[in-house]
Amino acid sequence: MNKLPSFILSTFALLFLGTGSAWSAETPGSIHDVAPEACKQCHEEIYQQWKGSMHANASALKDPIHGAFYRNVAGDPTAEGVVLKANKKYPVCLKCHAPAAALDKKTKLDAKPAYSDGVSCVSCHSFSAFKGSESKEGKPLLGIDAYEIDRNSLHGPSGITYTTERVPEGSKWPTPVNHTVPLQGNKAALFKSNDICMGCHEKRSNAHGTPLCSTGKEYRDSKNTVACQSCHMANVTVPKLKDGKILEGQTVTVADHSTAGGHDGKMVTRGLAMTLDTDQAGDTIKAKLTVRNRLPHSFPTGAPFRNFFIKVAAYDKDGKELWKNFKVHPIKDDPKAAFWLTLGDPAGKPTAPPKATQILADSRLQPNETRSLEYDIPNAPGTAIIRAEALYDLLLPPLKKNLKGKIPDELMKPKLAASAEVRF
Ligand code: HEC
Ligand code: HEC
Ligand code: HEC
Ligand code: HEC
Ligand code: HEC
């Protein structure tokens with residue numbers, strides 16, 4: 001493996017003096033050992049966005065939900081030599097959730113900061129080309145296997161040529177621009193197209209070949225052409241930061257590296273549009289509800305236990321609930337108001353992702369789908385408000401029960417994705 005030139009390493013050593021960073025002069029050898037804190041120095045706004053993202057928290061040591069699953073299907077994320085229980089092979093999970101560890105074929109995620117950093121700056125910015133998410137023989141290429149990876153240089157979207165050499169005072173374009181860490185402009189569509197996401201987000205099946213995630217297929221079936229980045233990494237103008245402090249009056253425009261999704265209460269409100277019409281007919285109020293998925297992928301998409309449900313309720317003028325469309329959960333009491341993927345075992349009984357051999361049903365909203373739901377609500381005396389709420393959940397009810405006490409309660413709380421109401 002090529003080593004980074006020693007002057008670069010010493011530049012890093014300088015950068016890190018006094019920052020108490022995890023980087024040390026012994027480790028680098030591959031650009032993958034360069035910590036995100038090295039980028040923070042100059043890309044502080046992007047660093048802060050990324051730090052709070054699920055990419056930065058994707059490893060089993062940082063994401064409590066992934067961590068719980070990983071311990072179940074593989075083992076201790078702080079042990080070396082862990083294999084998947086199902087096939088006794090290197091845990092495929094790490095190819096997407098801890099790419100730096102997977103590149104080194106290691107499983108002890110606390111051995112190096114780069115391993116527990118999850119999908120870090122260098123993970124994405126060392127991709128130089130997309131191979132596709134399947135080999136010529138039709139074998140899935142997952143995570144790092146789907147990309148050509150440069151061990152010695154970063155890649156960026158602009159196509160600008162950079163140099164690590166000092167650029168002479170007063171020099172003008174096209175003199176290469178200085179970048180302390182080796183960096184190549186990558187004019188290929190890679191960073192501007194879905195390719196930069198698809199290696200990890202296209203699809204994933206469990207050991208039985210049952211598809212657990214198929215965001216890529218959903219998107220292609222929708223025949224949409226809006227790139228993932230236009231919603232998930234849109235340009236945002238944010239206050240300029242220096243050493244954690246806001247520089248008053250100064251802003252920068254960057255591609256939003258917080259890549260918000262299901263964990264973000266604001267993001268989940270962007271996917272659904274809801275309308276509600278009512279018609280009072282004697283003893284009943286006929287309510288017609290429509291929900292429309294604004295997205296070019298399913299709502300919800302991603303992990304198979306993402307789901308949402310609709311609560312429809314009647315209230316009196318003081319907000320006291322008089323009627324509701326379910327008792328325990330719509331999955332049990334009002335299936336048309338539950339939007340989820342039902343995975344099944346060979347006997348056709350609903351089961352958890354690692355055991356699933358088939359998909360029994362998919363009631364999630366398909367890309368751009370509009371669906372109507374109708375209710376006959378008792379027109380009880382005093383009924384003043386009919387309200388419908390779409391509530392997004394990271395986990396299905398049985399999983400919440402299993403994980404209670406093992407993950408923060410915050411992750412169990414449904415988020416309001418959309419609402420509509422009629423007042424009489
Ligand atoms: C000493 C300052 C400095 C450090 C450290 C630094 N960068 Fe940069 N970087 C810049 C400047 C300046 C630019 C050009 C202006 C811009 O796009 O912000 C740039 C541009 C980039 C670009 C855009 C490339 C393009 O033209 O398409 C990427 C990607 C990038 N840096 C990634 C990183 C990563 C990842 C790290 C950490 C491993 C890092 N940088 C560390 C200063 C730095
Ligand atoms: C190297 C693999 C990899 C690449 C490349 C990648 N992701 Fe991810 N992404 C992940 C993993 C792993 C997670 C799950 C983290 C977790 O929840 O543990 C994730 C999570 C997400 C989420 C969900 C956030 C949430 O709130 O749950 C979104 C949205 C997302 N990625 C968007 C993108 C977009 C857009 C791109 C392309 C610009 C991209 N990702 C590229 C691996 C990747
Ligand atoms: C999930 C993959 C992914 C990760 C992780 C990631 N980037 Fe990026 N980065 C991108 C993509 C894609 C673009 C291009 C966005 C666009 O132009 O639409 C980009 C653009 C940039 C740019 C160009 C300037 C801009 O705002 O467009 C810089 C600088 C940059 N990234 C730095 C970083 C740093 C620093 C980190 C870590 C703190 C990081 N990136 C982590 C995918 C990633
Ligand atoms: C029109 C805007 C838009 C586009 C384009 C888009 N998304 Fe999303 N995406 C959203 C919104 C809003 C959510 C939150 C609601 C949800 O989870 O469905 C979301 C959620 C997600 C999640 C979160 C799943 C989770 O488990 O938390 C992932 C992953 C994701 N998108 C990946 C992608 C990928 C990959 C692409 C490109 C192929 C893409 N998205 C294109 C708007 C968009
Ligand atoms: C092809 C890449 C890929 C592989 C391989 C992969 N994952 Fe993921 N995983 C993702 C992405 C991307 C997300 C987040 C977006 C979404 O919901 O799809 C995710 C999300 C998850 C989540 C939800 C995390 C949360 O915060 O709610 C769990 C749990 C999970 N993965 C477990 C695993 C386990 C266990 C393995 C190995 C058996 C594995 N994954 C293999 C890409 C992958």
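Computed from a predicted model, the values in this text were never measured in an experiment. Atoms within each ligand, like the ligands themselves, are counted from 1 in listed order.
- Nearest protein heavy-atom neighbour of atom 41 (C) of ligand 5: Arg204 NE, 3.1 Å.
- For ligand 2 and Gly261, the ligand atoms under 4.0 Å from any heavy atom of the residue are 24 (C), 25 (C), 26 (O), 29 (C).
- Atom numbering of ligand 2 starts at 1 in the shown order; those under 4.0 Å from a heavy atom of Ala260 are 29 (C).
- Counting heavy atoms of neighbouring residues, nucleotides and ligands inside a 6.0 Å radius, atom NZ of Lys85 exceeds 12 of them.
- Atom NE2 is the N, O or S atom of His297 at the shortest distance from atom 8 (Fe) of ligand 4.
- The contact set between ligand 2 and His263, taken as ligand atoms under 4.0 Å from a residue heavy atom, comprises 25 (C), 26 (O), 27 (O).
- A donor-acceptor contact shorter than 3.5 Å links the side chain of Thr163 to the backbone of Glu165.
- Distance screen at 4.0 Å: atom 13 (C) of ligand 5 has no protein heavy-atom neighbour inside the cut-off.
- Taking the charged nitrogens against the carboxylate oxygens, Lys415 and Glu389 have no contact shorter than 4.0 Å, which rules out a salt bridge.
- Lys106 has no carboxylate O lying under 4.0 Å from a charged side-chain N of Asp104, or vice versa, which leaves the two without a salt bridge.
- With salt bridges taken as basic N to acidic carboxylate O contacts below 4.0 Å, one links Glu421 and Arg387.
- Close approach of ligand 4 to Cys231 (heavy-atom distance below 4.0 Å) involves ligand atoms 1 (C), 2 (C), 3 (C), 4 (C), 5 (C), 42 (C), 43 (C).
- For the residue pair Thr357 and Thr210, no side-chain donor N or O sits within less than 3.5 Å of a side-chain acceptor on the partner.
- With a heavy-atom cut-off of 4.0 Å, Cys228 touches ligand 4 through backbone and side chain alike.
- If you number the atoms of ligand 5 from 1 as listed, the ones under 4.0 Å from a heavy atom of Asp63 come out as 24 (C), 25 (C), 26 (O).
- Of all protein heavy atoms, the one closest to atom 15 (C) of ligand 4 is Phe299 CE1, 3.4 Å.
- Across the listed options Thr301, Leu365, Leu394, Thr301 owns the non-hydrogen atom lying nearest to atom 24 (C) of ligand 4.
- The Ala227 neighbourhood of ligand 4 comprises atoms 5 (C), with distances under 4.0 Å to a heavy atom of that residue.
- The heavy atom nearest to atom 25 (C) of ligand 4, considering only Arg364, Lys415, Arg270, Arg306, is found in Arg306.
- Between the side chains of His32 and Ser30, at least one donor N or O lies within less than 3.5 Å of an accepting N or O.
- Residue Ile246 places its CD1 atom among 12 or fewer non-hydrogen atoms of other residues, nucleotides or ligands, all under 6.0 Å distant.
- Close to ligand 5: Val73, with a non-hydrogen atom less than 4.0 angstrom away.
- Not a single heavy atom of Lys95 sits less than 4.0 Å from an atom of ligand 5.
- Considering backbone and side-chain atoms together, Cys200 places no N or O closer than 3.5 Å to any N or O of ligand 2.
- Using a 4.0 Å cut-off to heavy atoms of Thr259, the atoms of ligand 2 that qualify are 24 (C), 28 (C), 29 (C).
- When the heavy atoms of His66, Met54, His201 are ranked by distance to atom 31 (N) of ligand 2, first place goes to His201.
- Using a 4.0 Å cut-off between charged nitrogen and carboxylate oxygen, Glu148 and Lys131 do not count as a salt-bridge pair.
- Taking the six-membered ring for Trp and the full ring otherwise, the centers of Phe69 and Phe305 sit less than 6.0 Å from each other.
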Problem set entry | Derivation of the side chain to side chain donor-acceptor pair (under 3.5 Å) call for Thr259 and His232 | CA-CA 5 Å; Thr259 49; His232 289 287; over 6 Å; no
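- By the 3.5 Å distance cut-off applied to N or O atoms, His97 is counted among the residues near ligand 5.
- Using a 4.0 Å cut-off to heavy atoms of Met198, the atoms of ligand 4 that qualify are 38 (C).
- Between atom 8 (Fe) of ligand 2 and the N, O or S atoms of His55, the shortest distance is to NE2.
- Taking the six-membered ring for Trp and thresholds of 30 and 60 degrees, Phe127 and Tyr147 have nearly parallel ring planes, at less than 30 degrees apart.
- For the side chain to side chain donor-acceptor pair (under 3.5 Å) criterion with Tyr47, the lone passing option out of Gln41, Lys40, Glu37, His257 is Glu37.
- In summary, the atoms of ligand 5 found under 4.0 Å from a heavy atom of Gly302, numbered by their order in the structure, are 16 (C), 17 (O), 18 (O).
- Proximity of a side-chain donor or acceptor of Asp393 to a complementary backbone N or O of Leu396 within less than 3.5 Å is not detected.
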For this session: Begin with the C-alpha distance, continue with both residues' side-chain angles, and end with the deciding distance and a verdict on side chain to side chain donor-acceptor pair (under 3.5 Å) for Thr275 and Thr290.
Result: CA-CA 5 Å; Thr275 63; Thr290 66; 2.4 Å; yes
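- Within the set Cys93, Pro354, Pro99, Ser214, the minimum heavy-atom distance to atom 37 (C) of ligand 5 is found for Cys93.
- Among all protein heavy atoms, the one lying closest to atom 22 (C) of ligand 5 is Phe305 CZ, 4.0 Å.
- A 6.0 Å sphere centred on CD of Glu410 holds no more than 12 heavy atoms belonging to other residues, nucleotides or ligands.
- For ligand 2, the atoms lying closer than 4.0 Å to a non-hydrogen atom of Phe127 are 5 (C).
- In summary, the atoms of ligand 5 found under 4.0 Å from a heavy atom of Leu142, numbered by their order in the structure, are 1 (C).
- Residue-level proximity to ligand 4 for Met267 is carried by backbone and side chain together, each with a heavy atom below 4.0 angstrom.
- Rounding to the nearest 0.5 angstrom, the gap separating the NZ atom in Lys324 from the CG atom in Asp333 is 9.0 Å.
- A donor-acceptor contact closer than 3.5 angstrom is absent between the side chains of Tyr70 and Asp63.
- Listed by atom number, the atoms of ligand 5 under 4.0 Å from Cys96 heavy atoms are 1 (C), 2 (C), 3 (C), 4 (C), 5 (C), 42 (C), 43 (C).
- No side-chain heavy atom of Lys245 sits less than 4.5 Å from a side-chain heavy atom of Leu241.
- Considering backbone and side-chain N/O of Gly262, one or more are found under 3.5 Å from N/O of ligand 2.
- Atoms of ligand 4 found under 4.0 Å from any heavy atom of Pro296 (numbered from 1 in listed order, with element): 1 (C), 3 (C), 4 (C), 5 (C).
- Side-chain polar atoms of Thr215 and Thr301 form a donor-acceptor pair below 3.5 angstrom.
- Contact annotation: for Ser298 versus ligand 4, heavy atoms closer than 4.0 Å belong to the backbone alone.
- Taking every non-hydrogen atom of Ile196 and a distance limit under 4.0 Å, the qualifying atoms of ligand 2 come out as 5 (C), 37 (C), 38 (C), 41 (C).
- Which parts of ligand 2 touch Met233 is read off a 4.0 Å heavy-atom cut-off, strictly below it: atoms 38 (C).
- In summary, the atoms of ligand 5 found under 4.0 Å from a heavy atom of Ala303, numbered by their order in the structure, are 16 (C), 17 (O), 18 (O).
- The ligand atoms of ligand 4 that sit less than 4.0 angstrom from a heavy atom of Pro300 are 18 (O).
- Annotation: atom 11 (C) of ligand 4 to nearest protein heavy atom, Leu295 CD1, 3.4 Å.
- Among the atoms of His232, an N, O or S atom falls under 2.8 Å of atom 8 (Fe) of ligand 4.
- The local environment of NZ in Lys108 is crowded, with over 12 non-hydrogen atoms from other residues, nucleotides or ligands closer than 6.0 Å.
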